[in-house]
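Quick notes on the structure that follows.
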Protein chains: 2
Amino acid sequence: MTENIEVMLTEKNINPTAMRLLVLDFLLKQSSAISLTDLEKGLDPSDRITLYRALKKFEEKGLVHSIDDGSGATKYALCENNCEAGHHHDLHVHFFCNTCRETSCLPKHHIPQIPLPDGFKSEEVNLIVKGVCNKCVH
Amino acid sequence: MTENIEVMLTEKNINPTAMRLLVLDFLLKQSSAISLTDLEKGLDPSDRITLYRALKKFEEKGLVHSIDDGSGATKYALCENNCEAGHHHDLHVHFFCNTCRETSCLPKHHIPQIPLPDGFKSEEVNLIVKGVCNKCVH
DNA sequence: ACAGGAAGCGCAATGGTATTGCAAACTAGT
DNA sequence: ACTAGTTTGCAATACCATTGCGCTTCCTGT
């Protein structure tokens, strides 16, 4: 159990502290991206700042990616295997449900190439689709 | 001059107050989307809250649209003619320059249709391309 | 012209999120 | 067990968005 989670951390060169094991364990149980506040509530009682720094570390090391879905709070979700430290491959579509306000990754849907005017250089693309998710559509 | 701006407001059913004329005039002079703080600085000395409410009113009436470019502060830009109150047609790409941190609209580039999994219903799409703009690329 | 009401404005105040500093607690290697 | 470096928890700060409220101003109906 814990060994598995621990390996995930060490593979990404992250010291497996007790706190980080808890955070990763919690992330693994999520079906959608979560905010820092969600994490704080789920791991109560824990210090918000510590959780914040754990997520930052995970992001830096390529274990999670952050999503700005326009809700005001940054969301975090586990990366697919192919992410590396400092070089994310998270160019997939994120979906924000206006009903349940959950954000989920749609990793199968790659972002199409966007034609830019002359002189513009693309480095990063953020594509959020908002609407109603499959759980709320009925 | 002022008459022109005034007409733009009345056409959208917005009372043309002195403050709003100033705000719209300032918006017309911009080449990129601006934040509330930008507006506040440009129209100093003016009350931030009043400017905030002017922008909200403009947005509500379909005169401007807001853009969340991930910079933390909401940006505002004038709509194309075809926007109506409560029903924006601003489904175009926005470009955020990582160098000059300016956000601009790329209205010629419509957002491509994104295929969604079964049961997902799209209502809105937010597409931000980040990179280097034509002014900063050299 | 007058009275009443609606709309707009400016100040104060609140709430939420992100971020940094610092000192104590902890961990790992010797 | 000792020390150096890492991690943690608390305090504090900085923004941004948003609301409440009283005052002024403008419009309207009589």
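Within every chain, numbering begins at 1; the chains are lettered A, B, ... in the order of the sequence lines, protein sequences first and strands thereafter.
Looking at B/Lys121 and B/Glu123, a side-chain N of the basic residue comes within less than 4.0 Å of a carboxylate O on the acidic one, giving a salt bridge.
Residue B/Met19 contributes atom CE, which lies 11 Å from atom P of C/dC11 at whole-angstrom precision. When rounded to the nearest whole Å, the span between CD of A/Glu60 and P of C/dT19 equals 14 Å. Summarising the geometry, the separation between CG on A/Leu39 and C1' on D/dT8 is reported as 15 Å, rounded to the nearest angstrom. When rounded to the nearest whole Å, the span between NZ of A/Lys56 and P of C/dT17 equals 15 Å. If you measure from atom CG of B/Leu55 to atom C1' of C/dC9, you get 15 Å, rounded to the nearest angstrom. Straight-line distance from the NZ atom of A/Lys61 to the P atom of D/dT6: 10 Å, rounded to whole Å. When the P atom of C/dT17 is taken as reference, atom NZ of A/Lys75 falls 10 Å away, rounded to whole Å. Atom CD1 of A/Ile34 is separated from atom C1' of C/dT17 by 15 Å (rounded to the nearest Å).
Taking for each of A/Pro16 and B/Ser46 the nucleotide of DNA chain C with the nearest heavy atom, the 5'-most of the two is the partner of B/Ser46.
Out of C/dA18, D/dT18, D/dT8, the shortest distance to the side chain of B/Ile49 is found at D/dT18. Among D/dC16, C/dG8, C/dC9, the nucleotide with an atom closest to any side-chain atom of B/Thr37 is D/dC16. For A/Asp47, whose side chain is taken as the heavy atoms from C-beta onward, the closest listed nucleotide among D/dT8, D/dC10, D/dT19 is D/dC10. Distance from the side chain of B/Leu36 is smallest for D/dA17 among the nucleotides D/dA17, D/dG9, C/dG10. The nucleotide whose nearest atom lies closest to any side-chain atom of A/Arg48 is, among C/dC9, D/dA17, C/dT17, C/dT17.
Summarising the local packing, CZ of B/Arg101 is surrounded by 12 or fewer heavy atoms from other residues, nucleotides or ligands at distances under 6.0 Å.
For D/dT18, the OP1/OP2 oxygens have a side-chain nitrogen or oxygen of B/Tyr52 closer than 4.0 Å. For D/dT6, the OP1/OP2 oxygens have no side-chain nitrogen or oxygen of A/Lys57 closer than 4.0 Å. Not one side-chain nitrogen or oxygen of B/Thr17 sits closer than 4.0 Å to the OP1 or OP2 atom of C/dG8. At the phosphate of C/dA28, neither OP1 nor OP2 sits under 4.0 Å from any side-chain N or O atom of A/Asn15.
Of the possible polar contacts, none joining the A/Asn15 side chain to the A/Thr17 backbone as a donor-acceptor pair under 3.5 Å is found. Put simply, the side chain of A/Asp38 gets close to the backbone of A/Ser35: a donor and an acceptor are under 3.5 Å apart.
Base engagement by A/Arg53 is indicated by at least one non-hydrogen atom pair under 4.0 Å involving a base atom. The residue A/Thr74 sits close only to the backbone: its heavy atoms come under 4.0 Å of sugar-phosphate atoms, none of a base.
With contacts defined as side-chain heavy-atom distances shorter than 4.5 Å, the pair B/Thr37/B/Arg48 qualifies.
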